[in-house]
Student: 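Let me give you the structure first, and then I'll get to my questions.
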There are 2 protein chains.
Amino acid sequence: MELSATAYVILGMVSWRPMSGYDIKQTVDGSTRFFWAASYSQIYAELHRLEQAGLLAAEPQPTGGRRRNLHRLTDDGRRALREWLEREPETFEMRDEALLKLFFASASPESARTTLEAKRRHHRALAERLEGMQRAGKASGYAAIVLGYGVECQRWMESWCERALAELPTGGGDPASDEVAA
Amino acid sequence: MELSATAYVILGMVSWRPMSGYDIKQTVDGSTRFFWAASYSQIYAELHRLEQAGLLAAEPQPTGGRRRNLHRLTDDGRRALREWLEREPETFEMRDEALLKLFFASASPESARTTLEAKRRHHRALAERLEGMQRAGKASGYAAIVLGYGVECQRWMESWCERALAELPTGGGDPASDEVAA
DNA sequence: GCGCGACATATCTGTCTGATATATCTCGCA
DNA sequence: TGCGAGATATATCAGACAGATATGTCGCGC
């Protein structure tokens, strides 16, 4: 049974406590989102698939007229989660539009500085947000380790931008001719 | 005219010299791939769209019986590229399966160590590959700056893994109880 | 002259995002 | 009392994107 990594995010979240799709989305947005995001469409689709596969069990818990399905892990689900944890991680991807703009900056050299400044601001803002989560003591155990990674990583990126900015030639010039040999 | 960021990768590549779709894929795989990847399906689809939009011009250059379309930037295309470079970067995303596994490691605490070791190996291997590109002198100008970022970033991640490994409790235990407050 | 690997284009399936639709519930406040 | 804003909750669509695969040509070594 091949599952997407997002399916395992759901299994992992539900391993803490039974959750609705909405709960899962909120928790992902407040935690794994910075290294693994998930959208509603993905979450609800996976939830149905995982129930079909017997890894999750849903029990309807309507509050008055409002629908709500609480999903909990089955024994098979817990086993699948554990097996996934013990496999080698595969996916590591970055998508950084600022780096892309810097890469092509020779087509508009004045843009290099503003792009780097925007990237620095972005990392600083995210670092501060994550530090707020640290101070709020929202994460413990492994989650706290990963949160620490997030903070330090954003701070490293922020400081790289500062260094790069300092080394950038001032006149909006091109730091030696550009391009990558094919 | 709304273009995807991948469209601008294509405009940027073609701004260096006219290229075929195949050329673009090779160049992306050897350069921007680590912060902005592109697949053939995406590239050929965008190439058609950009030509429709008048930002690229294609000239057929068959070698004997082998088809080949050389794409070059039009004046509108160069203008669009410059305008994009001067806009604020928006997308910054990471997808790191190792971090995800570490996050949920309390469901299989022995996995934390092997996950971190795999992540460390991954970053080391990528760093070495990028350092090889540096030594080969394949990048100059802004591309070299971005390559330097890649190397330093991978090395930072590698060293973070080493630090985390050193701080991990030895007996496969759980570093204080887990979970994230909703 | 045959086969392998590089060159070249195209397309399919499936993952995933972001926006949007729909409906209910809660709470503050007029 | 009643009403509107915002939180809760599920669902779906269009489109971006990756990865695999199909199809065919070319050059080169053996």
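If you're wondering where the values come from, they're calculated on a predicted model, not measured in any experiment. Note on naming: letters A, B, ... go to the chains in the order of the sequence lines (proteins, then strands), and numbering restarts at 1 for each one.
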Student: What's the NZ-P distance between B/Lys25 and C/dA6, to the nearest Å?
Tutor: 15 Å

Student: Is there a side-chain contact between A/Tyr44 and the phosphate of D/dT10, meaning an N or O under 4.0 Å from OP1 or OP2?
Tutor: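 So the side chain of A/Tyr44 is within the cut-off, an N or O lying under 4.0 Å from OP1 or OP2 of D/dT10.
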
Student: Looking for any heavy atom pair under 4.0 Å, which part of the strands does B/Arg95 touch: base, sugar-phosphate only, or nothing?
Tutor: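 Counting heavy atoms under 4.0 Å across all strands, the contact made by B/Arg95 is with sugar-phosphate only.
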
Student: Does the plane of the ring in B/Trp16 sit parallel, tilted or perpendicular to the ring in A/Phe104? Use 30° and 60° as the thresholds.
Tutor: tilted

Student: Taking only the side-chain heavy atoms of A/Arg68 (C-beta and beyond), determine which of C/dA8, D/dT10, C/dT15 contains the nearest atom.
Tutor: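 Among the listed nucleotides, the one closest to the side chain of A/Arg68 is D/dT10.
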
Student: Whole angstroms only, please: what is the OH-C1' distance between A/Tyr22 and C/dT26?
Tutor: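 So the two atoms are 12 Å apart, to the nearest Å.
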
Student: In whole Å, what is the span from the CD atom of B/Glu46 to the P atom of D/dA18?
Tutor: 10 Å

Student: Looking only at the side chain of B/Tyr40 (C-beta and beyond, no hydrogens), which of the listed nucleotides D/dA16, C/dT9, C/dC16 gets closest?
Tutor: C/dT9

Student: Starting from P on D/dA7, measure out to CG on A/Asp23 and report it in whole angstrom.
Tutor: 15 Å

Student: Output the rounded distance in Å from CD1 (A/Ile43) to P (D/dT8).
Tutor: 14 Å

Student: Of A/Arg66 and A/Ala38, whose closest DNA chain C nucleotide lies nearer the 5' terminus?
Tutor: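 Final value for this comparison: A/Ala38.
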
Student: Determine the sole option in A/Leu50, A/Ile10, A/Leu81 for which the side-chain contact (heavy atoms from CB on, under 4.5 Å) test with A/Leu3 is passed.
Tutor: A/Leu50

Student: Whole-Å distance between D/dA16 P and B/Glu2 CD?
Tutor: 10 Å

Student: Regarding A/Ala37, tell me which of base, sugar-phosphate or nothing describes its non-hydrogen contacts under 4.0 Å with the strands shown.
Tutor: sugar-phosphate

Student: Heavy-atom distance under 4.5 Å between the side chains of B/Glu131 and B/Arg155, does that happen here?
Tutor: yes

Student: Roughly, in whole Å, what's the span from CD in B/Gln61 to C1' in C/dT9?
Tutor: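 Distance, rounded to whole Å: 16 Å.
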
Student: Grab the CD-C1' distance between B/Gln42 and C/dT11 for me, whole Å please.
Tutor: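 So the two atoms are 13 Å apart, to the nearest Å.
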
Student: Can you find a donor-acceptor pair, distance only, under 3.5 Å between A/Arg67 side chain and D/dT10 base?
Tutor: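 Between D/dT10 and A/Arg67, which were checked side chain against base, a qualifying N/O pair under 3.5 Å is absent.
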
Student: If the plane angle is over 60° it's perpendicular, under 30° parallel, otherwise tilted; pick one for A/Tyr149 and B/Trp160.
Tutor: perpendicular

Student: On a heavy-atom basis, which atom in A/Thr27 and which in A/Arg17 lie closest, and how many Å separate them?
Tutor: OG1-NH2, 4.2 Å

Student: Looking at D/dC17, I'd like to know if its phosphate oxygens (OP1 or OP2) sit under 4.0 Å from a side-chain N or O belonging to B/Ser4.
Tutor: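 Yes.
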
Student: Looking at A/His48, I'd like to know whether one of its side-chain N or O atoms comes within less than 4.0 Å of OP1 or OP2 on D/dT10.
Tutor: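 Answer no for this pair, as no side-chain N or O of A/His48 is under 4.0 Å from OP1 or OP2.
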
Student: Quick one: label A/Ser39 by what it contacts on the DNA or RNA (base, sugar-phosphate, nothing), any heavy atom closer than 4.0 Å.
Tutor: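 Touches a base.
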
Student: State which of D/dA9, D/dA16, D/dA11 makes the closest approach to the side chain of A/Ser20.
Tutor: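 When the side chain of A/Ser20 is considered, D/dA9 is the closest of D/dA9, D/dA16, D/dA11.
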
Student: Kindly say whether, by distance alone, the side chain of A/Ser41 makes a donor-acceptor pair under 3.5 Å with the base of C/dT17?
Tutor: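 Check passes, donor-acceptor contact within cut-off.
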
